[in-house]
Protein chains: 2
Amino acid sequence: MILKKKKIFNDFAASKGLRSTRQRDIILDIFLSTHQHISVEELYLKVKSSNPGIGHATVYRTLKLFAEAGLAREILLHDGQTRYEHVVAGEHHDHLVCTGCNLIIEFEDETIEKLQNEIAARHGFLINSHKMEIYGLCANCRR
Amino acid sequence: MILKKKKIFNDFAASKGLRSTRQRDIILDIFLSTHQHISVEELYLKVKSSNPGIGHATVYRTLKLFAEAGLAREILLHDGQTRYEHVVAGEHHDHLVCTGCNLIIEFEDETIEKLQNEIAARHGFLINSHKMEIYGLCANCRR
DNA sequence: TATAAATTGAAATTGAATATCAAAAGCATG
DNA sequence: CATGCTTTTGATATTCAATTTCAATTTATA
């Protein structure tokens, strides 16, 4: 699984004529070891703790590459930080976001995906990606 | 319609103990006269052209009030600018965004809304709002 | 190994958004 | 309508994420 993702990135790098560097390997390893929805800053700190030499800009640049390669997806929630989540082939999930405690629950719904395709087709759109977030209060915060 | 919205804002202001000011009236007028998805900067420039005295900060502050009052909704697309769209009571639409030319098409789908409610219920969520954006290429850009 | 090209990282820069705070304006009261 | 209190405004400074710059380093290839 992780190996497969590394291969995806290597293939992407090769096809783009990118060079293989120690920094990108490290950042990829650490990104793959994280949970969902990590912000660039969070990942940067994680990287920095084991590899103090790696700079800010490199983490930003590298995450953009991961997104281009199809390994990661940028998500904008409402805290002013860009976050990245893992892309799992053939799977797309959306988010329930609790405005009380910032809990994020992922869900997947095939019917919604289908409807999206229909809507896009109706407007002549070729879908590349989508995102959906539902905001509200989770069971805990409702009390 | 516009009058109704002004009333909504006035009622909101009254309930919050906010004062009625020339600036807020002007910004509301101009906001109501705009098309969908205006960025704060765009609105600021519009306001400034007829009322050079009105400041940056006031436009930001006032748009936040409109959102609180339920007249406007913040949307984050992918250009680093916060945009505001008009909220129409009882109606919610989502967006098809063309990554080629930045065309934005609105759509509404009741079935999706229903599914969202079911999903939320399944997780014990109380929905407050949601947003959905589908990214891809519009009919023109596909060619 | 030498060369050319890509990559890195520190620092500077950008740009959106917010905070600060003195001056101005709104509002209630006498 | 003058007074006094509070909110609001706007110029400016500040914050903070993200990007750009560019000299030094590293990688790939011959």
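In what follows, every heavy atom counts, from backbone to side chain, and hydrogens, waters and symmetry copies are set aside. Quick caveat, the model's predicted, so the values are computed rather than measured. In what follows, chains carry the letters A, B, and so on, assigned in the order in which the sequence lines appear, proteins first and then strands, with residues in each chain numbered from 1.
The CZ atom of B:Arg24 sits 14 Å away from the C1' atom of D:dG10 (whole-angstrom rounding). The separation between B:Ile38 atom CD1 and C:dA16 atom C1' is 16 Å, rounded to whole Å. Between B:Lys64 atom NZ and D:dT9 atom P there is a gap of 15 Å when expressed in whole angstrom units. Atom pair B:Leu76:CG and C:dA17:P shows a separation of 9 Å (rounding to whole Å applied). In this entry the distance linking NE2 of A:His56 with C1' of C:dA12 reads 14 Å, nearest Å.
Among the nucleotides D:dT26, D:dG10, D:dT20, the one closest to the side chain of A:Arg19 is D:dT26. Picking from D:dT9, D:dT21, D:dA18 the nucleotide with the shortest atom distance to the side chain of A:Arg61 gives D:dT21.
Residue B:Lys48 places its NZ atom among more than 12 non-hydrogen atoms of other residues, nucleotides or ligands, all under 6.0 Å distant.
Between B:Phe31 and B:His86, the ring-plane angle classifies as parallel under the 30° and 60° cut-offs. Using a 30° and 60° split on the angle between ring planes, A:Phe66 and A:Phe9 fall in the perpendicular class, above 60°.
No contact: A:Lys48 has no heavy atom under 4.0 Å from any strand. Within 4.0 Å of A:Gln81, counting heavy atoms only, lie sugar-phosphate atoms of the nucleic acid but no base atom.
Taking the six-membered ring for Trp and the full ring otherwise, the centers of B:His37 and B:His35 sit at least 6.0 Å from each other.
For B:Arg22 against C:dA25, no side-chain N or O and base N or O form a donor-acceptor pair under 3.5 Å.
Contact between the side-chain N/O atoms of B:Thr58 and the OP1/OP2 oxygens of D:dT8 is not found at any separation under 4.0 Å. Dashed line: the shortest gap from a side-chain N or O of A:Thr21 to OP1 or OP2 of C:dA6 is not under 4.0 Å.
For the pair B:Ser20 and B:Pro52, both in contact range of DNA chain D, the more 5′-proximal nearest nucleotide belongs to B:Ser20. Two residues, B:Gln23 and A:Gly53, neighbour DNA chain C, and the one matched to the more 5' nucleotide by heavy-atom proximity is A:Gly53.
Test A:Arg22, A:Lys6, A:Arg24 against A:Asp29 for salt bridge (charged side-chain N to carboxylate O under 4.0 Å, His left out) and you get one pass: A:Lys6.
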